[in-house]
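Some notes on the structure that comes next.
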Amino acid sequence: MKKRSFILVAVASIAFALSVPITLDTPTTSVTYAKSTKRIAGKTVAKAIKSTPDLNPTSSVRKYPAYIYDKYWKVFDRWYNVQPMSEPGTFNSKHTAKVYVANKALKSYTYTAMQNWNKALKVKAFKLGTKSNHTITVGFKNAGTGEGSWDGYYITSKLFINYNFFDNANYMPAAYKAITGKAMPSADKPNSAEYQSIYDTYWKSVVTHELGHSLGLDHTPYSNDIMEADSGTRSGDAKYTWNSTKVVNDDYAIFEDKLSSRDINRAKLTKVLGYW
């Protein structure tokens, strides 16, 4: 869920990070997987996880045999803020979901978001479905504009965009200011090309963010991640708590419709974990 705790109100951004202890038990017996009888110690996996950048499962932790992920999935979930978010069957055996856009106004945004992930992952994670043959539905929902309202939401196999924000000329300037701390260019000219470009990019990013949830990605605090959120709470599948965005090089993925290496690597990990 791309959740915002503001409406026409600015929020501050500060860097925030905590450490989380990690312990993996070493398997007590050797198991044969594929053509290898080599046993991988839990401490080896733990060391590899600790060596990766924050919330970024680089290739060093995505190379293990399947039994490692079966045994230690809870650790991977917590260390990289991932968890299964789609109901069984949403993605088929080829790791593909069929997406049906219930409202034409969202079609171009959804198609771009699908291609963002497909190109980044180099697989067809998403393809267009039909009303009678689909596994994910994209549509509007009137979700209010008050405290705790959201602009996008994904649950089990349904992706919603809050129409109250989507069809609101005042929302985009407010969101831009709240996220970046700067005035939005052409904020008072909603019909201008500059305003429309920011508007379109933002909503493409929101749909990309929500499709990221379908892949099993929870939020991060980093502004250059498409999966950024302005707050998060430490839990069994979240590494730490944060209360404001960690701004990276004044780079805001939500206004660029751009996936970071962290977004992509986490999605590659959730594929290995079997979440899509």
Side-chain angles (χ1 to χ4, degrees), residues 1-4 81-82 84-87 90-92 94-131 133-141 143 150-167 171-172 175-176 179 196-220 222-229 251-271 275-276:
M1 177 170 62
K2 186 65 176 165
K3 187 175 180 180
R4 293 291 171 198
N81 286 16
V82 298
M85 296 188 186
S86 292
E87 64 185 10
T90 301
F91 291 85
N92 62 22
K94 295 182 179 180
H95 309 283
T96 299
K98 297 178 181 179
V99 182
Y100 170 63
V101 187
N103 191 291
K104 291 182 179 179
L106 293 173
K107 201 157 199 174
S108 64
Y109 301 104
T110 304
Y111 184 75
T112 297
M114 291 164 56
Q115 293 308 307
N116 286 342
W117 284 112
N118 289 350
K119 290 177 181 179
L121 297 172
K122 295 181 172 59
V123 297
K124 201 164 190 176
F126 302 101
K127 70 177 183 178
L128 288 174
T130 65
K131 187 175 182 178
N133 184 14
H134 65 274
T135 56
I136 292 177
T137 303
V138 179
F140 284 121
K141 189 179 184 68
W150 44 264
D151 43 19
Y153 187 90
Y154 180 82
I155 182 169
T156 65
S157 65
K158 293 180 173 60
L159 192 163
F160 298 108
I161 295 298
N162 185 357
Y163 189 75
N164 297 103
F165 286 155
F166 186 85
D167 188 34
Y171 180 66
M172 195 51 53
Y176 193 97
I179 295 168
Q196 287 299 316
S197 177
I198 294 172
Y199 178 95
D200 288 343
T201 300
Y202 181 82
W203 290 108
K204 289 173 185 175
S205 297
V206 170
V207 180
T208 303
H209 176 107
E210 298 309 325
L211 287 180
H213 285 320
S214 77
L215 296 170
L217 310 187
D218 213 332
H219 296 140
T220 82
Y222 293 99
S223 66
N224 61 327
D225 294 343
I226 206 71
M227 298 309 298
E228 174 273 337
D251 186 6
Y252 298 90
I254 195 70
F255 288 112
E256 298 177 17
D257 190 31
K258 181 179 67 176
L259 296 170
S260 69
S261 62
R262 188 166 25 244
D263 293 318
I264 297 166
N265 286 339
R266 292 169 72 224
K268 289 179 178 179
L269 174 65
T270 54
K271 183 183 179 185
Y275 297 170
W276 62 277

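The chain is numbered in sequence order, starting from 1.
Minimum heavy-atom separation, Ser205 to Ala253: OG-O, 3.6 Å. Contact detail for Ala120 and Leu259: the closest heavy-atom pair is CB-CD1, 3.6 Å. Between Ser86 and Ser214 the shortest heavy-atom distance is OG-O, 2.7 Å.
To the nearest 0.5 Å, atom CE of residue Met172 and atom CD of residue Gln196 are 9.5 Å apart. A distance of 11.5 Å separates CG of Leu159 from OH of Tyr153, quoted to the nearest 0.5 Å.
Shown here are the salt bridge (Lys or Arg N to Asp or Glu O under 4.0 Å) partners of Lys258, two or more places apart in sequence or in another chain: Asp251, Glu256. Scored by the side chain to side chain donor-acceptor pair (under 3.5 Å) test, Trp203 finds no partners at all (sequence neighbours excluded). For the side-chain contact (heavy atoms from CB on, under 4.5 Å) test, residues two or more places apart in sequence or in another chain that qualify with Ala143 are Trp150, Asn162. Partners of Asp167 by side chain to side chain donor-acceptor pair (under 3.5 Å), not counting sequence neighbours, listed by chain and number: Tyr163. Legend: residues meeting ring-ring contact (aromatic ring centres under 6.0 Å, His included) with Tyr275, ordered by chain and number and at least two apart, are absent. With sequence neighbours excluded, the residues forming a side chain to side chain donor-acceptor pair (under 3.5 Å) with Ser260 are Asp225, Asp263, listed by chain and number. Not counting sequence neighbours, the partners of Lys268 by the side-chain contact (heavy atoms from CB on, under 4.5 Å) test are Arg62, Leu121, Ile264, Asn265. Partners of Thr135 under the side-chain contact (heavy atoms from CB on, under 4.5 Å) rule, at least two apart in sequence or in another chain, are Thr90, Ala97, Lys98.
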task: For side chain to side chain contact (heavy atoms under 4.5 Å, CB included), just list the numbers for Glu228 and Ile179, CA-CA rounded to whole Å, side-chain angles, deciding distance to a tenth of an Å, and then say yes or no.
output: CA-CA 11 Å; Glu228 174 273 337; Ile179 295 168; 5.5 Å; no

- prompt: Run the side chain to side chain contact (heavy atoms under 4.5 Å, CB included) check on Val123 and Trp276 step by step: do they pass?
  reply: CA-CA 12 Å; Val123 297; Trp276 62 277; 3.8 Å; yes

Residues Phe166, Tyr202; criterion ring pair (Phe, Tyr, Trp, His ring centres under 6.0 Å); working and verdict: CA-CA 10 Å; Phe166 186 85; Tyr202 181 82; over 10 Å; no

- request: Start with the C-alpha distance between Val138 and Glu210, add both sets of side-chain angles, then the distance that settles side chain to side chain contact (heavy atoms under 4.5 Å, CB included), and finish with yes or no.
  value: CA-CA 10 Å; Val138 179; Glu210 298 309 325; over 6 Å; no

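Residues Leu215 and Arg266 form no side-chain contact, since every pair of their non-hydrogen atoms from C-beta on lies 4.5 Å or further apart.
Applying the side-chain hydrogen bond (donor to acceptor under 3.5 Å, both in side chains) test to pairs two or more places apart or on separate chains, those with a residue in residues 114-129 are Asn116-Thr208, Asn116-Asp257.
No donor-acceptor pair under 3.5 Å is formed between the side chain of His95 and the backbone N or O of Ala125. Under the 3.5 Å distance criterion, the side-chain polar atoms of Asn81 are left unmatched by any main-chain donor or acceptor of Asp218. No side-chain donor-acceptor contact under 3.5 Å links Thr201 to the backbone of Ile198.
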Which side-chain N or O atoms in residues 106-114 pair as donor and acceptor under 3.5 Å with protein atoms at least two apart or in another chain?
| unit_1 | atom_1 | unit_2 | atom_2 | d |
| --- | --- | --- | --- | --- |
| Tyr109 | OH | Asp200 | OD1 | 2.8 |
| Thr110 | OG1 | Leu106 | O | 2.8 |
| Thr112 | OG1 | Ser108 | O | 3.1 |

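You'll find the ring centres of His134 and Tyr100 inside the 6.0 Å limit. Residues Phe140 and Phe160 place their aromatic rings such that the two centres sit no closer than 6.0 Å.
Of the residues listed (His209, Met85, Met227), the one engaging Leu217 in a side-chain contact (heavy atoms from CB on, under 4.5 Å) is Met227, and it is the only one. Checking each of Leu211, Val207, Ile136 against Tyr154 for a side-chain contact (heavy atoms from CB on, under 4.5 Å) leaves exactly one that passes, namely Ile136.
Ring planes of Phe255 and Tyr176: tilted class, angle from 30 to 60°.
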